[in-house]
Engineer: 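Got a structure for you, questions after.
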There are 2 protein chains.
Amino acid sequence: MSTGITEREQGEAGSPGSDRHLRADAQRNRARILEAATTLMAVHGIDVPIDEIAQLAQVGVGTVYRNFPTKAALFEGLLMARLEPLVSAARAAADADEPGEAFVDFVRNLSDEFANFKALADAMVDSGVDLDAAKSQISGELISAVSRLLERAQECGRIRPDVTIGDVSAMMAGISHTDPILMDPSQRKRCVALVCDSLLIGARSVLPRSEILQSPAPVRTGSRPS
Amino acid sequence: MSTGITEREQGEAGSPGSDRHLRADAQRNRARILEAATTLMAVHGIDVPIDEIAQLAQVGVGTVYRNFPTKAALFEGLLMARLEPLVSAARAAADADEPGEAFVDFVRNLSDEFANFKALADAMVDSGVDLDAAKSQISGELISAVSRLLERAQECGRIRPDVTIGDVSAMMAGISHTDPILMDPSQRKRCVALVCDSLLIGARSVLPRSEILQSPAPVRTGSRPS
DNA sequence: TACTATACGGAACGATGGTTCCGTTTGTCA
DNA sequence: TGACAAACGGAACCATCGTTCCGTATAGTA
C-alpha cells in the first residue's frame, strides 16, 4: 500500500554545478545526516520519520531537505551504496572456481546484508516508496549478476537445473523481510541453510550439525510487548 | 514499526449482555461490514482504511465503530474466523494415516490461505496492530497443532528430524508475506515446493515436473508502475 | 571587524487515517 | 399510528508524517 510519498525529480539536492563549494558546516551536517539515516534505516527500514533522522543528526528537518529533495531520494542514496558491493560480489562469485560454493556463500552474505540493513529488505517488497529508474537499474544489475552466478553453479552440477532466478529472488525476499522477532539471526541462518539444501544437488545441511541441531528458537505467536 | 493504532479493550463492541437484541437494520449492517472488511482485507491486508470498508458496506464510519471498538478488533475478528479452520485442519492432518503427505498438503493449503487472505499473512509480521491475548491464543493453538503434525511426520521418517516448528513458521511467514508481484501464484507454488523439498527426506519435487519446470516467472527489479 | 551569500532550525502546512460526537433517522412495540 | 430507544451518518477531532517557508545565524571574505 502506498504511503503519502510522492515522486519528484531525484538525485542529490539540486546539485547545480555538481562540485559546488559546500560550506564547512554544511559538509559536516550532510555527513551527520547520512550517518544518522544509515543507523536508523538499518534497524527500522524505510519506516523512519525524517524528524527522527534530523534529531539523531542534531539538525533541523529543513537541513535534511536541503541535502535530499525527498525522503525517497535519501533512501535511494543509501540503498544504492549498499547494493553496489553486492553486485560486485555476485560478479566475482560467478567467476569463482567453484560456483556452487560461491553461490551458497553469496546467498548467505546477501541474507546477512538484508538483515543488517532492513531498508534493503524493505526495498524488495512494496514499501510505499516509488523507487525510480536508478534504483531499478542497479537492482537489475544485481539480478543479472546473480542470474549468471546461478547459471554457472547449475552448469557445474551443484544446483538443481530447474531452479530459476525468480525462485532465488522470491525466497531471499521472503526470508529477509520476515519479522525479525519471528526470524531472529539464528533462525534466519537455519532457514537460509534449508533453502540452500533445497537448491543444491546432493549434500544436505550446508550448516554444521551443531548449528542446525541447536535448540529450537522460541516461537512467537503473534502479540508483542508494546 | 507501529502505526497510529492504539490498543484498548478488545472484543465485539461492548457486548453488554452478549445476546442482546439487535435491530434488524443493525444486523444487516453488521453483516455487510464483515463482508466488506473480508473482501478488502483479503486483498490489501490490514492496510485498509476504515472509511473504505464503511463505503463498500454502504454504511457510515460510526456504524463500523459501533460494531467493533477499534480497527484492530475488526481485524482480529476476521483473523480468528480464518484461523480456526486451519487449526482443525492441522489437527486432522496430525491424525492422518500418512502424516508426511498430510504435512505437505497442509503446508500447501496454509500457503494458499495466506495468499487468499493477505491480512492473515500480515498478522505473521509486525503489521502495526497490537494483537491481543485472544489472537495470540488461537495462534498458539495453530502452532501447537502444527507442531504435533510435524512431530508425527518426523516420527514416520518423512521429514528431516532436525527441522523445528520455528523453521516451518518462519519459512511460511516469509513465503506468505512477500510482495505478491514478486511472488505471484505460480512463483509461490514453486517456492512452497522447494521448501517442502528441503524439509522432506528422500523424494525431491513434490510438484509435478510440468509445474516445477515451467518457464521462469518474470523478475521484478524494484520499481513498480504507480 | 563588517558584510553577505549560504545554510540553519523548526513552525506551519497539507494529506492521510483512526476515532469520537451529536443531531437525525428508523425499527419496534404498544 | 405515535413514541422512544436504538442505530445511523458523517463532520470534526487528533495524531502522524512528508514537505515547505521564512526569519535568523554563521562561515567565508575583504
Side-chain angles (χ1 to χ4, degrees), chain A residues 1-10 13-17 20-33 36-37 40-41 44-76 127-130, chain B residues 1-10 13-17 20-33 36-37 40-41 44-76 127-130:
Chain A
M1 183 132 308
S2 192
T3 66
I5 300 176
T6 58
E7 62 188 328
R8 290 196 320 181
E9 78 288 341
Q10 298 290 356
S15 59
R20 82 183 204 281
H21 182 67
L22 268 188
R23 242 167 57 177
D25 54 345
Q27 285 177 9
R28 213 168 32 233
N29 284 335
R30 184 183 170 89
R32 284 227 292 257
I33 290 166
L40 292 175
M41 285 187 172
H44 301 109
I46 184 61
D47 278 337
V48 127
I50 291 283
D51 300 45
E52 277 182 31
I53 294 174
Q55 197 178 344
L56 182 60
Q58 292 177 291
V59 135
V61 265
T63 302
V64 174
Y65 278 94
R66 210 165 306 107
N67 279 276
F68 303 91
T70 61
K71 182 179 174 179
L74 171 55
F75 176 67
E76 270 188 43
S127 54
V129 277
D130 284 316
Chain B
M1 179 129 312
S2 191
T3 65
I5 301 176
T6 59
E7 62 188 327
R8 292 193 321 180
E9 77 289 340
Q10 299 290 357
S15 59
R20 82 184 204 282
H21 182 66
L22 268 187
R23 240 166 59 176
D25 55 345
Q27 286 176 8
R28 212 166 35 230
N29 284 335
R30 184 183 171 89
R32 284 227 291 258
I33 291 167
L40 292 176
M41 285 188 171
H44 301 109
I46 184 62
D47 278 338
V48 122
I50 291 284
D51 301 44
E52 277 182 31
I53 294 173
Q55 198 177 345
L56 182 59
Q58 292 178 289
V59 136
V61 264
T63 301
V64 175
Y65 278 95
R66 211 165 306 108
N67 280 276
F68 303 92
T70 62
K71 182 179 174 179
L74 171 55
F75 176 66
E76 271 188 40
S127 53
V129 276
D130 285 316

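Below, chains carry the letters A, B, ... as their sequence lines are ordered, and counting in each starts from 1.
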Engineer: Holding to side chain to side chain contact (heavy atoms under 4.5 Å, CB included), I want the full list of residues that pass it with B/V61, two or more places apart in sequence or in another chain.
Structural biologist: B/I50, B/D51, B/A54

Engineer: Name the closest nucleotide to the B/A26 side chain, picking from D/dA7, D/dG18, C/dA11.
Structural biologist: D/dA7

Engineer: What is the separation between atom CD on B/Q58 and atom C1' on D/dG10, rounded to the nearest whole Å?
Structural biologist: 15 Å

Engineer: Around atom CD of A/Q55, are there more than 12 heavy atoms of other residues, nucleotides or ligands at under 6.0 Å?
Structural biologist: no

Engineer: Choosing from C/dT20, D/dG18, C/dC8, which nucleotide comes nearest the side chain of A/K71?
Structural biologist: D/dG18

Engineer: Quick check: on DNA chain D, is the nucleotide nearest B/G60 upstream (toward 5') of the one nearest A/I50, or the reverse? Name the residue that is more 5'.
Structural biologist: B/G60

Engineer: For the backbone of A/P49 and the side chain of A/K71, can you confirm whether one donor and one acceptor N or O come within less than 3.5 Å of each other?
Structural biologist: no

Engineer: Output the rounded distance in Å from CD (B/E52) to C1' (C/dG18).
Structural biologist: 14 Å

Engineer: For A/Q27 and C/dC8, give me the distance from atom CD to atom C1', rounded to whole Å.
Structural biologist: 16 Å

Engineer: What is the distance, rounded to the nearest whole Å, between atom CG of A/N67 and atom C1' of C/dC8?
Structural biologist: 11 Å

Engineer: Between atom CD1 in A/I53 and atom P in D/dG18, what is the gap in whole Å?
Structural biologist: 8 Å

Engineer: Rounding to an integer number of Å, can you tell me how far B/F68 CZ sits from D/dA7 P?
Structural biologist: 14 Å

Engineer: Decide yes or no on side-chain contact (heavy atoms from CB on, under 4.5 Å) for B/T70 and B/F75, but give the supporting numbers first.
Structural biologist: CA-CA 9 Å; B/T70 62; B/F75 176 66; over 6 Å; no

Engineer: Between C/dG9, C/dG18, C/dA11, spot the one nearest the side chain of B/Y65, thanks.
Structural biologist: C/dG18

Engineer: So which protein nitrogen or oxygen atoms get under 3.5 Å of nucleotides 27-30 of chain D's nitrogens or oxygens?
Structural biologist:
{"unit_1": "D/dA27", "atom_1": "O4'", "unit_2": "A/R23", "atom_2": "NE", "d": "3.3"}
{"unit_1": "D/dG28", "atom_1": "OP1", "unit_2": "A/A24", "atom_2": "N", "d": "3.2"}

Engineer: Of the non-hydrogen atoms in B/R32 and B/Q58, which two are nearest, and what is the gap between them?
Structural biologist: NH2-O, 3.7 Å

Engineer: Within this structure, what is the CZ-OG1 distance for the pair B/R30 and B/T63, rounded to the nearest 0.5 Å?
Structural biologist: 12.5 Å

Engineer: Of the candidate nucleotides D/dC8, C/dG18, D/dT19, which contains the atom at the shortest distance from the side chain of A/T70?
Structural biologist: D/dT19

Engineer: In chain order, what residues pass the salt bridge (Lys or Arg N to Asp or Glu O under 4.0 Å) check against B/R28, with sequence neighbours excluded?
Structural biologist: none

Engineer: Rounded to the nearest angstrom, tell me the gap between atom CG in A/L74 and atom P in D/dT19.
Structural biologist: 10 Å

Engineer: Distance check: side-chain N/O of A/T63 vs OP1/OP2 of C/dG9, anything under 4.0 Å?
Structural biologist: yes

Engineer: I'd like a list of close polar pairs between nucleotides 22-24 of chain D and the protein, N/O only, cut-off under 3.5 Å.
Structural biologist:
none

Engineer: Which nucleotide, D/dT20, C/dG9, C/dT19, lies nearest any side-chain atom of B/V61?
Structural biologist: C/dT19

Engineer: Figure out the CG/C1' separation between B/N29 and C/dT25, and round it to whole Å.
Structural biologist: 13 Å

Engineer: Looking at residues at least two apart in the chain, or sitting in another chain, which of them share a salt bridge (Lys or Arg N to Asp or Glu O under 4.0 Å) with A/D25?
Structural biologist: A/R23

Engineer: For A/A36, what residues pass the side chain to side chain contact (heavy atoms under 4.5 Å, CB included) criterion, not counting sequence neighbours?
Structural biologist: A/I53, A/L56, A/A57

Engineer: Say you draw a straight line from CG of B/N29 to CG of B/N67; how long is it, rounded to the nearest 0.5 Å?
Structural biologist: 7.5 Å

